Amino acid sequence: EMQLVESGGGLVQAGGSLRLSCAASGFTFGDDYAIGWFRQAPGKEREGVSCISSSDSGAYYADSVKGRFTISSDNAKNTVYLQMNSLKPEDTAVYYCATARSGKFGSSWFCYYGMDYWGKGTLVTVSS
């Protein structure tokens, strides 16, 4: 059974940092995959924060997080991370890890349209 489990969320002051982790089980990061981070703040639509796909070489980042967030993966541990620096109150949201059955589309496509499998999310709260 495919499962994604996020961790690392919490309460942090503005300007601080957090690192989110997403441990995947039931599948492995092979040659054809996409994985990413999404977030949803209360009353707002889901936003693709950062995604990577085997179809392209670079990661996609939403404009709102460029230069502050970094996505990375450790294929040996089947884990993807989101390093979040210079956090702002507007980064407050539930952050979800997601993966797709196939990485046939580019990273920006996945971040815009979403993926097939989702974790339950981890709450990030940034205080001002």
Side-chain angles (χ1 to χ4, degrees):
E1 179 185 0
M2 185 176 296
Q3 194 173 19
L4 299 168
V5 180
E6 303 95 337
S7 62
L11 174 64
V12 64
Q13 287 189 329
S17 298
L18 283 175
R19 188 177 81 154
L20 305 183
S21 299
C22 172
S25 60
F27 74 101
T28 56
F29 298 163
D31 295 330
D32 183 19
Y33 76 98
I35 196 158
W37 290 94
F38 298 76
R39 68 185 180 185
Q40 188 163 23
K44 294 190 176 181
E45 292 188 355
R46 185 190 70 199
E47 175 187 23
V49 175
S50 182
C51 297
I52 51 178
S53 168
S54 54
S55 293
D56 53 27
S57 58
Y60 167 85
Y61 293 95
D63 287 342
S64 56
V65 307
K66 276 181 184 176
R68 300 188 298 122
F69 289 13
T70 303
I71 189 171
S72 62
S73 65
D74 184 334
N75 289 8
K77 295 183 178 180
N78 239 31
T79 300
V80 65
Y81 304 96
L82 186 69
Q83 178 66 44
M84 306 186 296
N85 299 328
S86 302
L87 283 161
K88 304 175 181 180
E90 51 264 43
D91 294 318
T92 295
V94 177
Y95 284 71
Y96 299 91
C97 175
T99 189
R101 295 187 189 94
S102 167
K104 62 182 178 181
F105 300 112
S107 53
S108 60
W109 188 95
F110 281 110
C111 256
Y112 185 79
Y113 287 106
M115 299 191 184
D116 303 306
Y117 303 100
W118 298 82
K120 294 183 177 180
T122 185
L123 177 62
V124 171
T125 303
V126 185
S127 63
S128 57

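The structure presented is a predicted model; accordingly, all values stated were derived computationally and were not measured.
Closest of all the heavy-atom pairs between R46 and G114 is NH2-CA, 3.8 Å. The minimum heavy-atom distance linking S54 with D32 is given by the pair OG-CA, 3.4 Å. Shown here for M115 and C51, the closest heavy-atom pair between the two residues is CE-SG, 3.8 Å. Residues G48 and A62 approach most closely at O-CB, 3.4 Å, considering heavy atoms. Across all their heavy atoms, S17 and Q83 have their closest contact at CB-NE2, 4.0 Å. Taking all atoms of both residues into account, the shortest heavy-atom contact from A93 to A41 is CB-N, 3.8 Å.
A single hydrophobic cluster is seen to contain both L20 and V12, as judged by linkage of ILVMFWY side chains at heavy-atom distances under 4.5 Å, directly or through other members.
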Please test V65 against R39 for side-chain contact (heavy atoms from CB on, under 4.5 Å), starting from the C-alpha separation and ending with a verdict.
-> CA-CA 12 Å; V65 307; R39 68 185 180 185; 3.9 Å; yes

Does the pair C97 and V80 meet the rule for a side-chain contact (heavy atoms from CB on, under 4.5 Å), with working shown?
-> CA-CA 8 Å; C97 175; V80 65; 3.8 Å; yes

Could you give me the CA-CA distance, side-chain angles and deciding distance for D63 and K66, then say whether salt bridge (Lys or Arg N to Asp or Glu O under 4.0 Å) is met?
-> CA-CA 5 Å; D63 287 342; K66 276 181 184 176; 3.2 Å; yes

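In this structure a side-chain-to-backbone donor-acceptor pair under 3.5 Å is missing from S86 to G15. Using a distance-only test at 3.5 Å, with no hydrogens or angles considered, a donor-acceptor pair links the side chain of N78 to the main chain of A24. Between the side chain of D56 and the backbone N or O of G106 there is no donor-acceptor pair closer than 3.5 Å. No donor-acceptor distance shorter than 3.5 angstrom exists from the side chain of E6 to the backbone of C22, with no hydrogens or angles considered. Without hydrogens or angle criteria, T92 side chain to V126 main chain gives a donor-acceptor distance under 3.5 Å.
The distance from the CD1 atom of I35 to the OG atom of S73 is 7.5 Å, given to the nearest 0.5 Å. Taken from CD in Q13 to OG in S128, the straight-line distance is 9.5 Å, to the nearest 0.5 Å. Here NZ of K104 is found 8.0 Å from CZ of F110. Values are rounded to the nearest 0.5 Å. Here the straight-line distance linking atom CG of D91 with atom CG of L18 works out to 10.0 Å at 0.5 Å rounding. Separating the NZ atom in K120 from the OG1 atom in T122 is a distance of 13.0 Å, to the nearest 0.5 Å. Here the CD1-SG distance, from I71 to C111, works out to 7.5 Å after rounding to the nearest 0.5 Å.
Applying the ring-ring contact (aromatic ring centres under 6.0 Å, His included) test to pairs two or more places apart or on separate chains, those with a residue in residues 31-86 are F29-Y33, F38-W118.
With contacts defined as side-chain heavy-atom distances shorter than 4.5 Å, the pair M84/V124 qualifies. Contact of the Y117 side chain with the Q3 side chain is not registered, since no non-hydrogen atoms from C-beta on lie closer than 4.5 Å. Considering only heavy atoms from C-beta on, D116 stays 4.5 Å or farther from M2 through its side chain.
In this structure, K44 has no salt bridge (Lys or Arg N to Asp or Glu O under 4.0 Å) partners at least two apart in sequence or on a different chain.
By the 30° and 60° cut-offs, the orientation of the rings of W109 relative to F105 is parallel.
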